[in-house]
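Naming convention: chains lettered A, B, ... in sequence-line order (proteins, then strands); numbering from 1 in each chain. Computed over heavy atoms, backbone and side chain alike; hydrogens, waters and symmetry mates excluded. Predicted model only: the values in this text are computed from it and were never measured.
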Amino acid sequence: MIMMKKDDSLMVTVRSFIPPHPHTEGYELGKPFAFELPKGMTLGELAEKILSKNINQMGIMAVNGKVAGKDQVLSPGDKIDFYALIDGG
Amino acid sequence: MENRTLFGYNGRILRVNLSERDISIEEPPIDYYQRYLGGRGFIAPILLQEMPAKADPLGPDNKLVFALGPFAGMPFPGSARNSAGAKSPLTFAFGEAEAGGFWGAELKRAGFDAIVVSGVSNSPVYLRLQDGQAELRDASHLWGLEVAPAHLALQKELGDSHLRTAIIGPAGEKLVRFACILNDITHAAGRTGLGAVMGSKRLKAIAVRGKNTPPMANQEIISNLSRWMSQNFKDKAAVWKYGTGHMMEGYSLAGNLPTFNFQDGAFEGVKEITAQAVCEQFRVEMYGCYACPVRCKKRVKLDSPYPVDPIYGGPEYETLAAFGSNCGISDPRVICKAHEICNRSGMDTISAGVTLSFAMECFEKGLLNPKDTDGVELRFGNGQAMLKILELIGQKQGLGALLSEGCRMAAKQIGRQAEEFAVHVKGLEVPMHDPRLKQGMGLHYSVHPAGADHVSGVHDTLLEKGPQFEEWSTIDVSESIPSTELSPRKARLVYQFGLWRHLPNYLGLCVLVPYTAKQILEAAEAVTGWPMSYWRLMKTAERGITLAKIFNLREGFTAEDDVLPKRLGMPQRGGNLKGVTVDFGKLSEAKELYYQMLGWDERGIPTRARLVELDLPWAAKYLNNPTQKE
């Protein structure tokens with residue numbers, strides 16, 4: 001379902017495997033959470049806003065399951081994923 | 001402050017000659033500690049100076065070294081790692097691996113900085129260490145036991161439920177070439193077959209207890225660091241929630257998830273096999289290592305269709321990918337079982353998974369047939385078949401006997417084009433980070449003396465963006481380079497940042513605890529009391545790399561062995577990296593530059609000047625008579 005907010009904003013769903021720093025309300029690692037953002041915001045701007053100090057951990061971003069670049073303008077209802085690309089063990 | 005010259009160390013190395021049943025203590029001078037620091041830094045000079053060239057890795061001349069860095073056992077997060085090393089029976093080169101848990105910290109408390117095991121016992125034994133004392137004891141009753149029963153039997157025998165063990169399972173006893181050593185049942189020193197070396201010496205276990213942690217030079221700094229990390233780790237990194245493997249969907253999107261024996265980098269069934277999926281269905285708890293609040297280890301339990309005993313922990317990322325996507329398996333229950341089989345019998349999950357994916361490709365392409373597999377349809381995605389053959393590997397029976405040699409030796413025996421499907425470097429199976437995305441990691445895999453090791457390698461993706469350079473500029477890394485670029489400046493990154501990536505294995509530090517470079521530097525100074533600098537620490541890592549390289553040169557390895565397998569020069573068939581390869585021409589150029597930055601000539605032989613600069617002039621004599629590899 002596409003969620004709409006005020007005329008000048010829209011809702012997206014964000015799932016991040018990188019912790020926002022400082023903590024963002026509603027965030028739980030690897031779980032989708034709803035986020036309101038201004039119309040016209042790009043994916044890169046959203047990542048900076050949410051992850052803040054931890055943006056350096058960003059490895060790859062996806063919108064609706066597809067790899068996306070930082071300049072992509074976001075649309076209502078987009079499902080956004082943030083991943084680091086370092087793992088091990 | 002106590003009047004002593006060493007902080008963070010005990011000043012004692014234990015020597016155990018199993019042939020002579022002789023135990024002695026060595027007390028190295030302070031400059032030994034300052035020059036080599038610990039961990040991998042101790043292993044390389046011991047193997048080079050004390051082993052004859054061309055020693056049988058499964059014979060009495062091989063030395064098995066367990067070594068601690070100054071951080072090991074100190075009371076702050078990430079200090080639980082110990083190193084192990086020997087000539088590898090899998091690669092015939094310098095072999096090393098690290099493990100966490102509690103055993104390494106306990107060894108420090110028991111009064112030792114390292115253990116050097118030589119010779120071969122004529123009957124199974126275990127080594128018992130307690131508060132500075134060491135004794136060899138009969139292990140006939142433990143021989144043949146799987147890892148957990150052996151651990152529990154030792155605890156019962158010694159009447160100590162807090163006894164810590166480093167132990168081998170039946171795979172190590174049977175000399176499976178990628179057998180591992182397990183700390184406290186679930187923490188594996190996995191790579192390069194050190195479990196087989198321990199098995200060849202008939203040393204079943206090293207059981208340790210101690211209660212005296214050597215003092216640090218500045219307790220207050222370490223206490224503050226420990227407190228800071230405990231309060232902040234959840235905001236700095238994500239690994240505490242599901243353990244490693246939580247990034248797998250991103251890996252697949254990026255083309256970095258080895259799939260179908262490295263033919264692809266994206267896996268359709270990835271969502272089923274992530275750490276998150278495993279935790280949500282099968283996790284009973286998260287647990288951790290000594291002094292660490294991160295607790296990134298997952299413990300899983302299954303009742304059906306494959307009972308999985310939670311005593312064996314749960315799969316990490318490398319295991320999830322090696323037995324999952326790389327074998328075309330999307331059933332997490334199969335992966336959990338494969339992980340349990342490996343920990344029960346004591347095998348490295350990366351080498352086991354990649355050897356199985358190699359065999360699957362051989363089967364699908366007609367190089368192995370049902371006669372070879374006793375009728376098992378060893379195809380990608382067939383979980384039952386994979387588990388059946390994995391059990392046989394641990395027992396060295398049927399096709400398992402062939403595959404227990406690792407994919408390189410198995411490919412030689414199978415013949416025809418099987419070598420094209422064997423994804424290894426110097427015989428060590430490639431971990432789950434694809435060099436077609438992480439091209440600097442690929443360069444590291446190719447040149448690293450121990451073969452394809454991801455822990456000490458550079459993850460290119462970590463250095464692709466901008467803001468982190470505030471931190472890494474301290475070690476003179478300040479340029480943003482695309483992951484898929486392979487170039488002279490990438491070679492510099494692998495040299496410069498690579499030295500820093502090696503360093504945790506010298507200090508005894510876990511890379512999953514999110515310290516900054518500055519914090520690591522301060523901790524090194526606070527523990528040892530020696531004035532530290534980035535330069536000094538990185539030079540120590542360079543010293544270890546150079547000595548390990550000389551070890552390999554003496555064994556007959558050449559620059560031609562510092563290459564990547566053919567498979568990685570082929571394009572992935574789909575996904576984000578469709579068509580991308582490692583350009584072997586560029587790799588060769590980068591390798592030569594990397595050699596030169598290390599002060600090595602085009603053959604990879606260290607120059608006399610660099611040996612002198614590293615304060616290793618004595619090592620030049622081992623370069624005098626490089627002979628041909630057999």
Residue part contacting chain A, namely of [X], when any heavy atom lies under 4.5 Å:
X	answer
B/Asp235	both
B/Ala237	backbone
B/Lys438	side chain

Q) Which pair of non-hydrogen atoms, one from B/Lys234 and one from A/Pro19, has the smallest distance, and what is that distance? A)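 Closest pair (atom of B/Lys234, atom of A/Pro19, distance): O-CB, 3.6 Å.
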Q. Which atom pair, heavy atoms only, marks the closest approach of B/Leu253 to A/Gly65?
A.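 In this case the closest contact between B/Leu253 and A/Gly65 is CD2-O, 3.4 Å.
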(Q) So which residue, B/Glu249, B/Lys236, B/Met248, ends up with the most heavy-atom pairs under 4.5 Å with chain A? (A)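 Maximum pair count with chain A is reached by B/Glu249.
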Q. Taking the side chain as C-beta and beyond, is there a heavy-atom pair between B/Tyr251 and A/Ile60 under 4.5 Å?
A.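 Of all side-chain heavy-atom pairs linking A/Ile60 with B/Tyr251, none is under 4.5 Å.
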**Q.** Test item: B/His246 and A/Tyr83 side chains (from C-beta on) under 4.5 Å apart, heavy atoms
**A.**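 Counting from C-beta outward, B/His246 and A/Tyr83 never come under 4.5 Å.
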Q | Salt-bridge contact B/Glu280-A/Lys31 (side-chain N to carboxylate O under 4.0 Å) | A |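 Judged by the 4.0 Å cut-off on N to carboxylate O distance, B/Glu280 and A/Lys31 do form a salt bridge.
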Q | Heavy-atom proximity to chain B below 4.5 Å, by part of A/Asn54 | A |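 Side chain of A/Asn54 only, per the 4.5 Å heavy-atom cut-off to chain B.
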Q. Is it true that a side-chain atom of B/Thr461 and a backbone atom of A/Leu85 form a donor plus acceptor pair closer than 3.5 Å?
A.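 Indeed, once roles are kept as given, a pair shorter than 3.5 Å links the two residues.
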Q) Hey, which of A/Leu29, A/Asp81, A/Ile18 has the most heavy atom pairs under 4.5 Å with chain B? A)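 Looking at each of A/Leu29, A/Asp81, A/Ile18 in turn, A/Leu29 comes out on top.
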